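In what follows, every heavy atom counts, from backbone to side chain, and hydrogens, waters and symmetry copies are set aside. Note that this is a predicted model, so its numbers are computed, not measured. Chain letters run A, B, ... following the sequence lines, proteins first and then strands; every chain starts at 1.
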Number of protein chains: 2
Amino acid sequence: MEKNSETIPDIIVKRLPVYFKHLKKLKKSTKEYISSYELAELTGFSSSLIRKDLSYFGNFGRKSYGYDIYCLFQELNIIMGFNYTKKLIIVGAGHLGQALIYNKGYQERGYELKAVFDKNPKLIGLYINEFEILNIEQMLKFVKKEEIDIAALTVPQGAAQKITNLLIEAGIKGIWDFTEVPLKVPEDVLLEEQHINEGLCKLSCKINQNIEE
Amino acid sequence: MEKNSETIPDIIVKRLPVYFKHLKKLKKSTKEYISSYELAELTGFSSSLIRKDLSYFGNFGRKSYGYDIYCLFQELNIIMGFNYTKKLIIVGAGHLGQALIYNKGYQERGYELKAVFDKNPKLIGLYINEFEILNIEQMLKFVKKEEIDIAALTVPQGAAQKITNLLIEAGIKGIWDFTEVPLKVPEDVLLEEQHINEGLCKLSCKINQNIEE
DNA sequence: TAGATTGTTAATCGATTAACAATC
DNA sequence: TAGATTGTTAATCGATTAACAATC
């Protein structure tokens, strides 16, 4: 799985969900076109940067009108691959894992939740929002057979690297990592760290500065 | 609450939790010192960048030895304000909100969970992990009286801005935002967007590129 | 037509890296 | 002492912004 020669720069990828979020909201209004200046207002990015970002993917704008909201939204969906089905599993059915079962964001992004795994005998067999919690022993086989793309990792810290190795062995393409552990993965496996407590770190850091001043 | 003239650049703040994560792990080993070269190996940042980041806060290193792991960890705690108590509430006791009640990351970062609020009469009065879910009508008064610093926002999309306005009115210092809504907050209120589905966006985007190639 | 706004180039700004003197 | 590694400066790299011709 070599990297595409035309890989979208990370710095742009980072901003795509922001455009997506705002266009999704705008799509509900009666507004048809939006200018880079208005988008700048909403996103906090400069209009220049927005035009540059979008022009990376093609000429979506219409001079003197701006960008067609509906079309741009569709384009973003294609760019981010939301029109493509990606198979997801959740590994670890603790409190966070269970909350992820109820997450409503999968469908519009092309994700299909396929299974939930845990090691705890008290959880195995339970149904949460119509998903049966499966024994983690079945995971490797399942991922291989069903060609799962992404695993949400919500296991305890001690198990994180071991389970990760298993997922890699099974041929997982990406890990959506909620553990706090510095995981090691080979280059061809995508690792998206969703360490929620980092948000608390940043907030604490900034509050602290305000106090000191 | 004016910005400090010596505000830590965001680009450094972003990397502090990464150093924290690795030092926390290293602290458990018998290793006493770590060089910027070894830290580079672990974090993926260049050794040069690490030395520059750390030197921003002082001279923590010891020439020809590296950085004392324990001391550096302590320094990071002070820099990020973890030695300071910050009062937290959770607003919205749905699946995600409840999962956040069980989050183990508060204490070591100096956070104290003070209360959980919801609007749903079926949830109000329930105890989750020894926290009673309180009526959201009491929130404004509570935040004012208890001088709450941070609110974790896990309410439905439709309620997000309204509740945010209420929190601002009550004098909240920062919002840890789990909604998917583009929230508007005044400049002096910190907004940390913890939109977990953004992780799914990035993963989808990158997987899509690998496929196309 | 006049005004608005894109797409793109060149200029600027800021972040990262390379290099090395200082020194333990 | 010789080797290791910091802290810092200068050089480089890359990202953002300003500006503007093109054009709807």
Exercise. Counting only non-hydrogen atoms, which of residues 23-32 of chain A are less than 4.0 Å from DNA chain C?
Worked result: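 Going residue by residue through residues 23-32 of chain A, none turns out to have a heavy atom under 4.0 Å of DNA chain C.
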Seminar exercise, completed: Under a 4.0 Å heavy-atom criterion, the protein footprint on nucleotides 15-24 of chain C, written with B, S and -, is -BBBB--BBB
Exercise. For DNA chain D, what are the stems built from at least three Watson-Crick or G-U pairs in a row, each pair having both distances below 3.5 Å?
Worked result: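 Stem list for DNA chain D: C:3-24 with D:3-24.
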Problem set entry | cation_pi(B:R51, B:F60) dist<6.0 Å, angle<=45 |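 Pair B:R51/B:F60 does not count as cation-pi.
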For this session: Locate the shortest heavy-atom distance separating B:C205 from A:L16; write the atom from each residue and the value.
Result: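 Taking every non-hydrogen atom into account, SG-CD1, 3.9 Å.
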Exercise. If you look only at pairs with a residue in residues 143-189 of chain A, which of them pass as a ring pair (Phe, Tyr, Trp, His ring centres under 6.0 Å), with sequence neighbours excluded?
Worked result: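 Residue pairs passing ring pair (Phe, Tyr, Trp, His ring centres under 6.0 Å), neighbours aside: A:W176-A:F178.
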For this session: Write down the distance between CD1 (A:I69) and C1' (C:dT6), rounded to a whole number of angstrom.
Result: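 In whole Å, C:dT6 C1' lies 16 Å from A:I69 CD1.
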For this session: Mind jotting down which residue pairs meet the side-chain hydrogen bond (donor to acceptor under 3.5 Å, both in side chains) criterion with at least one end in residues 103-112 of chain A? Sequence neighbours excluded, please.
Result: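 Counting only pairs at least two positions apart or across chains, the side-chain hydrogen bond (donor to acceptor under 3.5 Å, both in side chains) contacts touching residues 103-112 of chain A are A:K24-A:E108, A:N103-B:N197, A:R109-B:E180, A:E112-A:K114.
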Exercise. Salt bridge or not for B:K14 and B:D53, using N-O below 4.0 Å?
Worked result: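 No.
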Problem set entry | Any A:Q74 side-chain heavy atom under 4.5 Å of A:L23 side chain |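 No. Closest side-chain heavy atoms not under 4.5 Å.
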For this session: Would you indicate whether the side-chain heavy atoms of B:L167 and B:I89 approach each other to under 4.5 Å?
Result: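 Answer yes - side chains close enough.
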Problem set entry | Contacts of B:T43 that satisfy side chain to side chain contact (heavy atoms under 4.5 Å, CB included) - sequence neighbours left out |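 B:T43 satisfies side chain to side chain contact (heavy atoms under 4.5 Å, CB included) with B:V18, B:Y19, B:H22, B:L39, B:F45, B:I50 once adjacent residues are dropped.
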